[in-house]
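Single-structure report; data block below.
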Amino acid sequence: QVQLVESGGGLVQAGGSLRLSCTASGRTFSIYTMAWFRQAPGKEREFVARISWSGGTATYADSVKGRFTISRDNAKNTLYLQMNSLKPEDTAVYYCNAGSWVGFINGDSWGQGTQVTVSS
């Protein structure tokens with residue numbers, strides 16, 4: 001399995017920026033892609049952004065496109081999410097996850113995430 005620890009969340013005002021980090025350990029050699037998800041109270045967990053581990057090709061949800069940037073440092077086994085122009089609707093618990101070429105390495109198992117709160 002891969003152990004994932006999210007960090008970097010906090011309270012910011014609308015229009016502000018925040019950078020999230022996700023450090024992976026364990027069976028990191030199995031990582032084919034990594035992604036950020038988020039879940040707001042009363043809502044389903046939703047996809048935010050993903051990146052291929054080798055090539056760095058990124059994909060974003062329409063709601064964050066142009067504002068968020070996903071990146072990775074393979075040497076540090078760390079995933080990042082740079083969030084700019086934050087909006088109150090970005091408020092959620094943010095989670096990262098890792099996938100092999102066939103699916104989630106950890107199955108449908110999620111960590112504690114990191115809380116992002118954007119005030120108006």
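Numbering of residues begins at 1 and proceeds along the displayed sequence.
No side-chain heavy atom of Val48 sits less than 4.5 Å from a side-chain heavy atom of Tyr60. Contact check for Val116 versus Thr91: no side-chain heavy atoms found under the 4.5 Å cut-off. A 4.5 Å side-chain heavy-atom check between Tyr95 and Val93 finds at least one atom pair inside the cut-off.
Remark: the backbone N or O of Ser85 is paired with a side-chain donor or acceptor of Arg67 at under 3.5 angstrom. Proximity of a side-chain donor or acceptor of Thr78 to a complementary backbone N or O of Lys76 within less than 3.5 Å is detected. Side-chain atoms of Asn74 come within 3.5 Å of backbone atoms of Trp53 as a donor-acceptor pair (strictly under, hydrogens ignored). Checking side-chain atoms of Thr114 against main-chain N and O of Gly9 turns up a donor-acceptor pair under 3.5 Å.
Note: Ile31 CD1 to Ser100 OG = 10.0 Å, rounded to the nearest 0.5 Å. Atoms CG and SG, on Leu4 and Cys96 in that order, are 4.5 Å from each other to the nearest 0.5 Å. Atom OG of Ser7 and atom CG of Leu20 lie 8.0 Å apart (nearest 0.5 Å). The structure places CG of Leu81 at 9.0 Å from CZ of Arg38, a figure rounded to the nearest 0.5 Å. Interatomic distance, CD of Glu6 versus OG1 of Thr23, reported as 9.5 Å (0.5 Å rounding). Between the CD atom in Glu46 and the CH2 atom in Trp36 there is a gap of 14.5 Å [rounded to 0.5 Å].
Within a 6.0 Å radius of CD in Glu44, other residues, nucleotides and ligands contribute 12 heavy atoms or fewer.
Across every non-hydrogen atom of Lys87 and Val118, the tightest pair is O-CB, 3.3 Å. Considering all non-hydrogen atoms of both residues, Ile70 and Met34 come closest at CD1-O, 4.1 Å. Scanning all heavy atoms of the two residues, the minimum distance from Ser120 to Ala14 falls at CA-CB, 4.4 Å. Of all the heavy atoms in Arg50 and Ala35, the pair that sits closest is CB-CB, 3.7 Å. Of all the heavy atoms in Lys43 and Gln39, the pair that sits closest is O-NE2, 3.1 Å. Across Thr59 and Phe47, no two heavy atoms sit closer than the pair O-CZ, 3.6 Å.
Trp110 carries Arg45 over the face of its six-membered ring, with the cationic atom under 6.0 Å from the centre and within 45° of the normal. A cation-pi contact, defined as under 6.0 Å to the ring centre and within 45° of the axis, is absent between Arg72 and Tyr80.
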Open item on the list: side-chain hydrogen bond (donor to acceptor under 3.5 Å, both in side chains) for Asn84 and Ser17? Distances and angles first, verdict last.
Closed with: CA-CA 4 Å; Asn84 299 324; Ser17 298; 2.9 Å; yes
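Ring-plane geometry between Phe68 and Tyr94 is classed as tilted, the angle between the planes lying from 30 to 60 degrees on a 0 to 90 degree scale.
Linking Ile, Leu, Val, Met, Phe, Trp and Tyr residues whenever their side-chain heavy atoms come within less than 4.5 Å leaves Phe37 and Ile105 in two separate clusters.
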